Number of protein chains: 2
Amino acid sequence: MKNNLFTIGRLSEQTGCVVQTIRYYERIGLLPEPDRSPRGHRLYNEDILNRLKFILRTRQLGFNIEERRTFLELVDGGKYTCHKIRQKTLLHAQEIKRKIRDLKKMERELLKMTDQCNDGSGTDCSILATLFRN
Amino acid sequence: MKNNLFTIGRLSEQTGCVVQTIRYYERIGLLPEPDRSPRGHRLYNEDILNRLKFILRTRQLGFNIEERRTFLELVDGGKYTCHKIRQKTLLHAQEIKRKIRDLKKMERELLKMTDQCNDGSGTDCSILATLFRN
DNA sequence: GCTTGCAGCTATAGTTACTATAGCATGTAT
DNA sequence: ATACATGCTATAGTAACTATAGCTGCAAGC
């Protein structure tokens, strides 16, 4: 049951990643150029499937393309250390923490504005007043 | 002290918005085309200064260009109601809440991975193991 | 035998919200 | 005279895809 090849449509189904994105990842070098059928269709194997799944998990965790690329290079080269990867991951977690803080601030300010709003049908809106304050 | 005109550099200083962005906002219609000096330099007044400040505040609150445009149209047309603006703002706050939830989930997962990591110099990294799990 | 539909292909453009660059004109300071 | 600062326009670049146009080739239905 190993060693069977499948098309890009099957890879897309297996991973939930749309076809264009798969080809995009190949173009930018995250995925290798796969074998082709006589008709020129891409043929994938389990290795590439797993590699794509790896990429998609790092994507879901908010790593950008270059960060994903670095992870892959570390893995490919086998020259990573646990420490290096942990540092990278912690750094990323900190950035996410900062984003959360910023968004919470936004949320607080938005809710503060709506709190002061009478929600009426008139045109004396305290939200706009706040946005227009000097 | 009113009615004095100033250049784009001054507007930039007053608002903290870089010059290119001001011109960009003009191009996409958020800011009006201002008067020009004999040399063709843009000349701004207090009204445009306040309009730009308004735009920048909505930007800081995470409203995208089209949302900012809608706010401006409501204000320009005078045909807004307090209720409408409140709804718009609350909806936006909800989207931000959702983003915060997603980011918190990311953060938790990242920290969980690093927790299980021995942080050593070896190449048996539990973070990678987690990312590669099937 | 013909058409329709589907899956794949390449190359290219569009998206968001700016940011940066190239190449120009003009005014002021040295 | 020359450098520097500020302004101008038009255009390209950014991130990470997503969508489109126009093509090939296979299989099924009429």
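In what follows, chains are A, B, ... by sequence order, proteins preceding strands, each numbered from 1. Keep in mind the model is a prediction, meaning the values are calculated, not measured.
As a whole-Å value, the separation of I22(B) CD1 from dT19(C) P is 11 Å. Rounded to a whole Å, the CZ atom of R10(A) is 7 Å from the P atom of dA7(C). Nucleotide dT20(D) holds its C1' atom 18 Å from the OH atom of Y24(A), rounded to whole Å. The nearest whole Å value for the distance from the CD atom in E33(B) to the P atom in dC8(D) is 12 Å.
Within the structure, side chain to side chain donor-acceptor pair (under 3.5 Å) pairs that include any residue of residues 10-22 of chain A comprise R10(A)-E13(A) (at least two apart or interchain). Among residue pairs with one or both ends in residues 60-76 of chain A, those qualifying as side chain to side chain donor-acceptor pair (under 3.5 Å) are Y25(A)-R68(A), R51(A)-D76(A), E66(A)-R69(A); sequence neighbours excluded. For residues 14-26 of chain A, the salt bridge (Lys or Arg N to Asp or Glu O under 4.0 Å) pairs, not counting sequence neighbours, are E26(A)-R42(A). Within the structure, the ring pair (Phe, Tyr, Trp, His ring centres under 6.0 Å) test picks out the following pairs touching residues 88-134 of chain A (sequence neighbours left out): F63(A)-H92(A), F132(A)-F54(B).
Looking at heavy atoms from C-beta onward, F6(A) lies in side-chain contact with L11(A) at the 4.5 angstrom threshold. Between I127(A) and K88(B), every side-chain heavy-atom pair lies at or beyond the 4.5 Å cut-off. Inter-residue side-chain proximity for F71(B) and T89(B) is flagged as met; some heavy-atom pair is nearer than 4.5 Å. The shortest side-chain heavy-atom distance between L131(A) and L61(B) falls under the 4.5 Å cut-off. Taking the side chain as every heavy atom from C-beta outward, L52(A) and L49(A) never approach each other to under 4.5 Å. Residues L31(B) and I55(B) have side chains in contact (heavy-atom distance under 4.5 Å, counting atoms from C-beta outward).
A heavy atom closer than 4.0 Å to some atom of DNA chain C occurs in R59(B), N64(B), I65(B), R68(B), these being the qualifying members of residues 51-75 of chain B. Taking every heavy atom of residues 87-103 of chain B and every atom of DNA chain D, no pair lies under 4.0 Å.
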Return all side-chain donor-acceptor pairs below 3.5 angstrom for residues 98-105 of chain B, not counting sequence neighbours, or 'none' if the list is empty.
none

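V18(A) comes within 4.0 angstrom of the backbone, heavy atoms only, and of no base. Residue T7(A) is in sugar-phosphate contact alone, with no base atom involved, counting any heavy-atom pair closer than 4.0 Å across all strands shown. Counting non-hydrogen atoms under 4.0 angstrom, I8(B) reaches the backbone sugars and phosphates but no base.
Membership of an apolar cluster is not assigned to V18(A), as no side-chain contact below 4.5 Å to another ILVMFWY residue is traced. Side-chain heavy-atom separations under 4.5 angstrom define the hydrophobic clusters, and the remaining members of the one that includes L90(A) are L111(B).
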Show the distances under 3.5 angstrom between N or O atoms of the protein and N or O atoms of nucleotides 23-27 of chain C.
none

Restricting to nitrogen or oxygen on both sides, can you table the protein-nucleotides 10-12 of chain C pairs closer than 3.5 Å?
residue, atom, partner, partner atom, Å
dT10(C), OP1, R36(A), NH1, 3.4
dT10(C), OP1, R36(A), NH2, 3.0
dT10(C), OP2, R42(A), NH1, 3.0
dT10(C), OP2, R42(A), NH2, 2.8

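Of all heavy-atom pairs spanning A93(B) and E107(A), the tightest one is O-CG, 4.3 Å. Here the shortest heavy-atom pairing between L30(B) and I65(B) reads CD1-CD1, 4.2 Å.
For the helix from dG1(C)-dC30(D) to dT30(C)-dA1(D), the rotation axes defined at the first and last 5 base pairs enclose an angle of 30°, given to the nearest 10°.
Taking for each of Q20(B) and Y25(B) the nucleotide of DNA chain C with the nearest heavy atom, the 5'-most of the two is the partner of Y25(B).
Within 6.0 Å of NZ on K53(A) lie more than 12 heavy atoms contributed by other residues, nucleotides or ligands.
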